[in-house]
Amino acid sequence: MRMEVQTNHMNNSLISPLSATNPQTLTTSNTSAASSSSSPSPPQATSAAVTPPSVAATAVHLQKAAMQMNDSLTQLSRSDSPASSNSEIEKELQDLDLNSSMNSGSISLGAELNCKSNGSLSGASSSSTQGLVGGGTAVVGNGGAENGGDASAAKTANTTTNGSSNAANNLTTAAVAAANIKKRISSSRTPTRKARRIKFYRNGDRFYPGITIPVSNERYRSFESLFEDLTRLLEENVKIPGAVRTIYTMCGKKISTLEELEDGQSYVCSCNNENFKKVEYNTTSQPLTNLSISNKTSNRLSKYYRPSSPLKNGSTNTNAMGNGSASATTNTNGSPILVRMSERDSIVHPRIVTLIRNGTRPRKLMRLLLNKRNSPSFDHVLTAITQKVKLDTGYVRKVFTLSGSPVTNLADFFGPDDVFFAYGTERVNNPDDFRLETDEQKALQAIRKNLRTAGTTCKGPKPKMPVKSKKTYDTSALDEEKLLNESGIDPQELPAVIRERYVLGQIIGDGNFAIVLKCKDRQSGYTYALKIIDKSKCKGKEHYIDDEVRVMKKLSHPHIISLIMDVDQQANMYLVLEYVGGGDLFDAITRVTRFSEDQSRVMIKHLASAMAYLHSMSIVHRDIKPENLLVELDDSGNVIVLKLADFGLACEVTEPLYAVCGTPTYVAPEILMETGYGLKIDVWAAGIILYILLCGFPPFVSPDNQQEPLFDAIISGIYEFPDPYWSGIGNGVRDLIANMLQSDPDVRFTSEDILDHYWTMGNDDIINEYSS
Ligand SMILES: Nc1ncnc2c1ncn2[C@@H]1O[C@H](COP(=O)(O)OP(=O)(O)OP(=O)(O)O)[C@@H](O)[C@H]1O
């Protein structure tokens with residue numbers, strides 16, 4: 001937990017007071033009421049010792065969902081309405097199974113339908129949804145290994161392992177329940193009045209494959225109920241700006257009654273007051289939503305890892321474009337998509353390309369981050385380029401490499417060329433078009449210079465690590481009573497619920513606002529960490545405590561410390577946390593000085609998977625640094641598990657943030673420039689950490705430990721990989737660091753991109769076409 005404190009010392013974690021209003025952090029959270037209860041919340045209370053709360057909650061929700069599904073189906077089968085017959089419902093399920101591309105299995109569909117209509121999953125845990133979307137049991141049960149990408153993740157604290165297996169059991173039960181329901185439906189067929197099968201597209205999104213649902217007057221007794229259903233179904237697949245409010249025919253005629261919807265026809269859903277957009281709906285694209293279902297990356301984080309439609313950002317382009325994809329063949333029945341998906345997976349890796357916008361000279365150069373989200377097909381890349389370069393002539397139709405070769409397929413964007421000319425409809429028949437003028441060359445060099453490579457030698461002494469911002473204790477030489485007294489903590493005054501449940505152990509650390517002790521569950525014998533936040537040290541900033549608790553309650557991830565119990569009392573806030581025994585990464589760095597690439601890879605994978613999970617929920621941590629990364633070590637002292645802790649500055653991002661906060665060495669340039677920032681500041685901090693892991697010092701330092709020159713260096717974005725410290729360290733990881741330390745957050749890698757990078761994946765054989 002950290003607050004903003006004005007300080008000139010580099011070792012203190014906060015840099016400056018809130019210099020601008022931060023609507024997120026300043027909004028008083030409603031958690032104080034929830035967390036003020038002196039008893040733990042139900043899943044925590046019942047299973048604090050063994051089950052991470054959100055995983056347990058997921059299982060409970062799923063079971064509930066299955067039961068509710070059971071109930072509602074029972075009711076429906078009793079109904080007189082012909083359209084409510086079992087076979088009708090089964091058909092609906094089948095239709096949705098086939099056409100709602102995010103819902104792949106019966107458990108996911110059944111639970112999804114009920115959970116959504118009950119709203120029971122919303123906000124409780126994103127991982128619940130993750131579990132549902134990914135196929136329930138398998139996903140949640142496998143969370144540890146999947147997310148960790150490392151067998152060692154399974155060796156995490158007992159809490160996680162046991163929790164996951166409990167949850168897995170519960171989920172299995174839920175899956176069985178849902179399967180039984182479906183079986184029962186299919187065994188009791190009754191004649192039914194046929195519903196009309198109607199396909200709906202999303203207004204303006206020609207990449208969205210459409211969703212077919214059964215429509216009957218019995219099922220939708222009002223037009224509004226159809227709108228509601230469509231809103232829910234669309235939301236799961238595409239970003240929509242609000243609820244569905246209008247339905248158009250494919251020619252743009254408004255539909256005003258259910259009766260006007262014709263069996264077998266397609267229609268366009270428009271949200272809020274959007275006008276009808278005449279685009280070629282789904283004429284050239286894959287059903288992209290399907291790409292995510294068996295994509296292993298989808299499990300590691302978020303609700304929906306659908307490659308976003310290029311139109312998802314709200315910008316639409318009515319210029320229909322020919323299908324330039326060499327490999328794309330439109331298909332809606334599923335099978336070829338797998339081929340394409342694996343093709344895409346092997347071709348697309350995150351990278352930044354430079355675009356030269358055709359036009360008057362000197363032509364404008366700009367950079368674009370290509371990754372699995374915006375580049376699942378050639379069409380998508382062209383659309384992303386269109387949005388970036390904004391040609392006067394509209395849509396980008398032709399792309400050429402620097403040497404003038406036409407770019408014709410997806411792989412060309414991920415080959416050795418990383419500079420491309422973007423053209424619209426203009427003719428290209430002059431070889432001079434591909435010759436760069438001096439100014440253009442200079443601009444290109446400037447961009448490339450930004451990309452650091454080997455070859456510089458460190459002038460002067462070896463740069464130093466900053467001083468640690470928190471204390472850890474040598475427990476053998478500890479006067480605990482004195483420490484507790486100094487911290488104003490009287491063990492006798494602990495809340496009864498904690499005293500009764502846990503035996504207090506030694507102090508393991510203390511930050512600016514909290515002291516952390518080991519504690520043992522009297523019943524299970526498991527060890528936890530008890531963090532006692534001294535509220536008197538947080539006067540006026542109590543909302544940070546509320547935010548920390550509120551955010552932590554939402555989280556369940558193998559590389560994020562779980563919150564087991566929270567007790568709010570007048571003087572202190574007590575948090576019982578999952579315990580991690582190997583200390584923090586700062587101490588590990590101090591001991592080891594520099595880690596091998598393999599060790600660094602394990603750590604960055606764990607960190608990136610935690611960040612990807614957080615970011616998928618639009619939560620930014622804002623204080624990622626070695627002190628806040630706790631580790632488990634093996635017998636040889638190798639880090640085998642890394643977990644993100646201290647959510648004292650975390651908040652949800654719904655609009656740009658401006659609060660200047662964090663820790664100087666790790667602070668991103670956009671925070672310092674106060675231009676507004678978001679999730680990508682965490683990626684910057686992780687880039688600094690990866691750099692440190694490999695060489696033992698940060699990329700941006702100031703000789704006298706002064707903030708101002710340090711901030712100037714960060715804003716300049718200029719750093720080196722100086723020899724001799726970097727000699728022997730490969731280009732793959734340098735490339736990754738360079739992409740994480742991009743000054744421009746728009747082109748900086750996302751946390752997903754870190755996981756997709758070839759170095760992180762251990763594919764060092766991929767040629768690094770990064771030029772020096
Ligand atoms: N779950 C845990 N398991 C093991 N050790 C922990 C745990 N949580 C915290 N610690 C130890 O206690 C120290 C302080 O904890 P924490 O960072 O949460 O406190 P804080 O007061 O919020 O810190 P800050 O100074 O950043 O505000 C950590 O650096 C770590 O060494």
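We count ligands from 1, going down the list as the structure has it; atoms in each ligand are counted the same way.
- Glu708 is not listed as a side-chain neighbour of Gln706, based on a closest heavy-atom distance of 4.5 Å or more.
- Residue Val580 approaches ligand 1 through these ligand atoms, each under 4.0 Å from one of its heavy atoms: 3 (N), 4 (C).
- Under the 4.0 Å criterion applied to side-chain N and carboxylate O atoms, Lys539 and Asp534 are not assigned as salt-bridge partners.
- Distance check: His621 NE2 to Leu644 CG gives 4.0 Å after rounding to the nearest 0.5 Å.
- At under 3.5 Å, a nitrogen or oxygen of Lys531, whether backbone or side chain, sits near a nitrogen or oxygen of ligand 1.
- When Ile545, Val516, Leu575 are ranked by how near their heavy atoms come to atom 9 (C) of ligand 1, first place goes to Val516.
- Taking NZ of Lys605 as the reference point, atom CH2 of Trp759 lies at 9.5 Å (rounded to 0.5 Å).
- Considering backbone and side-chain atoms together, Ile561 places no N or O closer than 3.5 Å to any N or O of ligand 1.
- Every atom of ligand 1 is numbered from 1 in the order shown, and the set under 4.0 Å from a heavy atom of Glu578 is 1 (N), 2 (C), 3 (N).
- Looking at Asp646 next to ligand 1, an N or O pair under 3.5 Å apart turns up.
- Within ligand 1, the atoms closer than 4.0 Å to a non-hydrogen atom of Ile508 are 4 (C), 5 (N), numbered from 1 in the order shown.
- Comment: Glu652 engages Lys554 in a salt bridge, judged by a side-chain N to carboxylate O separation of less than 4.0 angstrom.
- Aromatic pair Tyr528/Tyr579: centroids not less than 6.0 angstrom apart.
- With no hydrogens or angles considered, a side-chain donor-acceptor pair links His615 and Asp682 at under 3.5 Å.
- In the vicinity of Glu627, heavy-atom distances shorter than 4.0 Å reach the ligand 1 atoms 29 (O).
- Taking a cut-off of under 4.0 Å to the non-hydrogen atoms of Asp584, the atoms of ligand 1 that pass are 29 (O), 31 (O).
- The part of Ala529 lying near ligand 1 is the side chain, judged by heavy-atom distances below 4.0 Å.
- Taking the six-membered ring for Trp and the full ring otherwise, the centers of Trp684 and Tyr677 sit at least 6.0 Å from each other.
- Taking every heavy atom of Asn628 and a limit of under 4.0 angstrom, the matching atoms of ligand 1 come to 17 (O).
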